[in-house]
There are 2 protein chains.
Amino acid sequence: MSDIKFTDRRTASNPLFLRDEEIREGIELLFYAYRDHVSDPDKILRKKGFGRAHHRVIHFVGRNPNINVAELLKILRITKQSLGRVLKQLVEEEIIHQRISTEDRRQRLLTLTEKGEELEKILSEPQRQRFARAYREAGPEAVAGFRKVLEGLINEDERRAILDKITRS
Amino acid sequence: MSDIKFTDRRTASNPLFLRDEEIREGIELLFYAYRDHVSDPDKILRKKGFGRAHHRVIHFVGRNPNINVAELLKILRITKQSLGRVLKQLVEEEIIHQRISTEDRRQRLLTLTEKGEELEKILSEPQRQRFARAYREAGPEAVAGFRKVLEGLINEDERRAILDKITRS
DNA sequence: ATTATACGTCAACATGTCTGACATAAAATT
DNA sequence: AATTTTATGTCAGACATGTTGACGTATAAT
């Protein structure tokens with residue numbers, strides 16, 4: 001019974017099953033790709049006594065020099081208490097520099113120090129290499145499709161703002 | 001000085017910069033897409049007293065009925081002690097069923113119970129909808145490219161095995 | 001009979017997250 | 001000028017998830 005049902009579902013005349021199956025495969029591919037993608041810097045960080053949280057902060061401060069704390073919290077979607085601990089360590093280790101905004105003296109603007117820039121490069125290098133390889137193997141058209149689908153996976157209400165931020169440089 | 005350097009780097013005659021930039025954008029897109037993708041089931045799970053770890057177990061047991069513990073550990077890349085805690089809860093709540101393999105009585109084969117199947121559907125539904133929307137908007141060619149690049153991001157030495165597993169059904 | 005494997009479990013600890021409460025400085029509003 | 005709101009920091013306590021290390025048991029393989 002369940003066998004019959006199974007073969008039936010896979011028939012070419014049932015495009016719904018194909019779509020479902022395709023989607024499931026996409027979800028799994030995304031899991032494995034992301035797992036491997038983040039495993040690279042994780043290894044490096046552990047040796048330095050940092051974790052993935054530190055990497056995310058380093059990355060987004062690097063990408064958004066002079067970002068303030070509230071903005072960073074929005075991107076990372078964590079609480080300020082969580083960020084606080086990580087940020088404190090990074091400031092103590094002189095990876096990140098805080099300065100008071102002249103426009104609004106309540107705000108702390110964050111930038112990478114030189115040491116921070118260096119670390120950022122070290123951390124992202126294996127990720128960039130991984131992407132470079134994948135892009136090279138897949139070709140430019142595939143890359144365009146990759147980006148298009150990723151964009152579509154982002155929450156609709158934030159998509160525009162995120163794309164503007166990413167591609168603004 | 002740094003301005004000159006900057007504009008210079010972006011010149012069309014410097015394809016290396018374009019590639020770098022493209023890669024960075026890909027890395028960020030992946031971050032945001034993944035962040036939103038996993039946020040859906042997270043909300044549902046917290047209400048039930050489970051976390052992301054439980055979802056991963058539910059997902060992979062659902063996808064690999066009768067998987068044994070060692071196999072599951074390889075996929076999840078966590079220690080058996082970590083898995084043990086989560087698995088215990090899921091078995092107690094009758095989400096996952098364990099039975100002893102007849103071929104090797106040391107092995108515990110894991111399957112979803114009916115209740116587990118239901119929960120799996122509830123959890124993955126928003127993710128599937130998100131993918132369905134993204135796939136629809138991007139079109140079949142983009143989807144092919146998306147998959148191709150994701151495959152390329154997976155560690156080379158495991159890629160073959162993972163692809164076989166994902167697309168075997 | 002011995003060794004290796006698959007699994008479970010106990011203990012101790014690290015990290016990253018959370019909620020809630022409170023403090024301070026500065027900006028904005030009345 | 002006084003009050004309220006905002007941006008940030010911090011303390012305390014909790015929870016989820018991960019780690020190492022050690023040990024036990026049942027079963028399979030040698």
Side-chain angles (χ1 to χ4, degrees), chain A residues 31 35 38-39 41-61 64 66-93 96-111, chain B residues 35 38-39 41-61 64 66-93 95-111:
Chain A
F31 170 82
R35 180 191 70 171
V38 297
S39 73
D42 271 11
K43 285 173 209 146
I44 303 168
L45 283 159
R46 247 183 317 176
K47 289 178 202 157
K48 311 212 176 228
F50 293 143
R52 197 174 297 178
H54 300 83
H55 185 211
R56 286 197 290 259
V57 173
I58 292 168
H59 175 86
F60 284 104
V61 171
N64 305 277
N66 295 313
I67 190 173
N68 64 43
V69 174
E71 277 301 309
L72 190 52
L73 285 176
K74 265 187 229 160
I75 292 178
L76 298 176
R77 291 222 190 125
I78 55 176
T79 58
K80 62 177 174 176
Q81 295 90 331
S82 281
L83 176 60
R85 191 160 42 183
V86 170
L87 200 51
K88 205 174 176 181
Q89 290 173 276
L90 291 172
V91 170
E92 275 167 11
E93 303 265 350
I96 283 183
H97 177 248
Q98 284 178 314
R99 62 182 187 78
I100 291 172
S101 168
T102 50
E103 284 162 27
D104 182 339
R105 292 179 49 77
R106 290 171 303 181
Q107 290 183 350
R108 304 288 178 279
L109 305 186
L110 309 174
T111 49
Chain B
R35 179 190 71 170
V38 297
S39 75
D42 271 10
K43 285 172 210 145
I44 304 168
L45 282 159
R46 246 182 318 176
K47 288 178 204 157
K48 311 213 175 225
F50 294 142
R52 199 174 295 179
H54 300 82
H55 186 211
R56 286 198 290 260
V57 173
I58 291 168
H59 175 85
F60 285 104
V61 171
N64 305 276
N66 295 312
I67 191 174
N68 63 46
V69 174
E71 277 303 306
L72 189 52
L73 286 175
K74 266 187 228 161
I75 292 177
L76 298 174
R77 290 218 191 131
I78 56 175
T79 56
K80 63 175 175 177
Q81 294 90 331
S82 271
L83 175 60
R85 194 165 30 196
V86 171
L87 199 51
K88 204 174 172 180
Q89 290 172 278
L90 291 172
V91 170
E92 275 167 10
E93 302 267 351
I95 303 294
I96 284 182
H97 178 248
Q98 285 178 312
R99 63 182 185 80
I100 292 171
S101 168
T102 49
E103 283 163 29
D104 183 339
R105 292 178 48 79
R106 291 171 304 182
Q107 290 182 352
R108 302 288 178 279
L109 305 187
L110 309 174
T111 48

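Everything numeric in this text was worked out from a predicted model, so none of it was measured.
Using a distance-only test at 3.5 Å, with no hydrogens or angles considered, a donor-acceptor pair links the side chain of B/Arg108 to the main chain of B/Arg106.
Atom CG of B/Leu73 and atom P of C/dT5 are 16 Å apart (whole Å). Computed from coordinates, the A/Leu90 CG to C/dT15 P distance equals 13 Å when rounded to whole Å. Remark: C1' of C/dT19 and NZ of A/Lys80 are 12 Å apart, rounded to the nearest angstrom. Note: CZ (B/Arg85) to C1' (C/dA14) measures 12 Å, nearest angstrom. If you take CG of B/Asp104 and C1' of C/dT5, they are 8 Å apart, rounded to a whole angstrom. Counting to the nearest Å, the C1' atom of D/dT8 and the CD atom of A/Gln98 are 9 Å from each other. Atom-to-atom, CG of A/Leu87 to C1' of C/dG16 comes out at 15 Å; the value is rounded to the nearest Å. Atom C1' of nucleotide C/dA26 and atom CG of A/Asn68 are separated by 14 Å, given to the nearest angstrom.
Residue A/His54 places its side chain closer to C/dG16 than to any other of D/dT20, D/dA7, C/dG16. Residue A/Ala53 places its side chain closer to C/dG16 than to any other of D/dT10, C/dG16, D/dT8. Among D/dT8, D/dA28, C/dC18, the nucleotide with an atom closest to any side-chain atom of A/Gln81 is C/dC18.
Atom CG of A/Leu83 sits about 5.0 Å away from atom CD1 of A/Ile78, to the nearest 0.5 Å. Taken from CG in A/Leu45 to CZ in A/Arg52, the straight-line distance is 9.5 Å, to the nearest 0.5 Å. Within the model, atoms CD of A/Glu93 and NZ of A/Lys48 stand 10.0 Å from one another, a figure rounded to the nearest 0.5 Å. Interatomic distance, A/Leu72 CG to A/Ile96 CD1, rounded to the nearest 0.5 Å: 7.5 Å.
Looking at heavy-atom distances under 4.0 Å, B/Arg52 makes contact with sugar-phosphate atoms alone, never a base. The residue B/Gly84 sits apart from the nucleic acid: no heavy atom pair falls under 4.0 Å. Counting non-hydrogen atoms under 4.0 angstrom, A/Gln89 reaches nothing in the nucleic acid. Within 4.0 Å (heavy atoms only), B/Arg46 reaches no atom of the nucleic acid at all.
Taking 4.0 angstrom as the limit, A/Ser82 places none of its side-chain polar atoms (N or O) nearer than this to OP1 or OP2 of C/dG16. Of the side-chain N and O atoms in A/Gln107, none sit less than 4.0 angstrom from OP1 or OP2 of C/dA27. Checking the phosphate oxygens (OP1, OP2) of D/dT27, a side-chain nitrogen or oxygen of B/Arg105 falls inside 4.0 Å. Between B/Arg106 and D/dT27, a side-chain N or O to OP1/OP2 separation shorter than 4.0 Å is absent. An OP1 or OP2 oxygen of D/dG18 is reached within less than 4.0 angstrom by a side-chain nitrogen or oxygen of B/Arg56.
For the pair A/Leu76 and A/Phe60, the minimum side-chain heavy-atom distance is below 4.5 Å.
When each of A/Gly51 and B/Glu71 is assigned the nucleotide of DNA chain C with its nearest heavy atom, B/Glu71 is the one assigned upstream, toward the 5' end.
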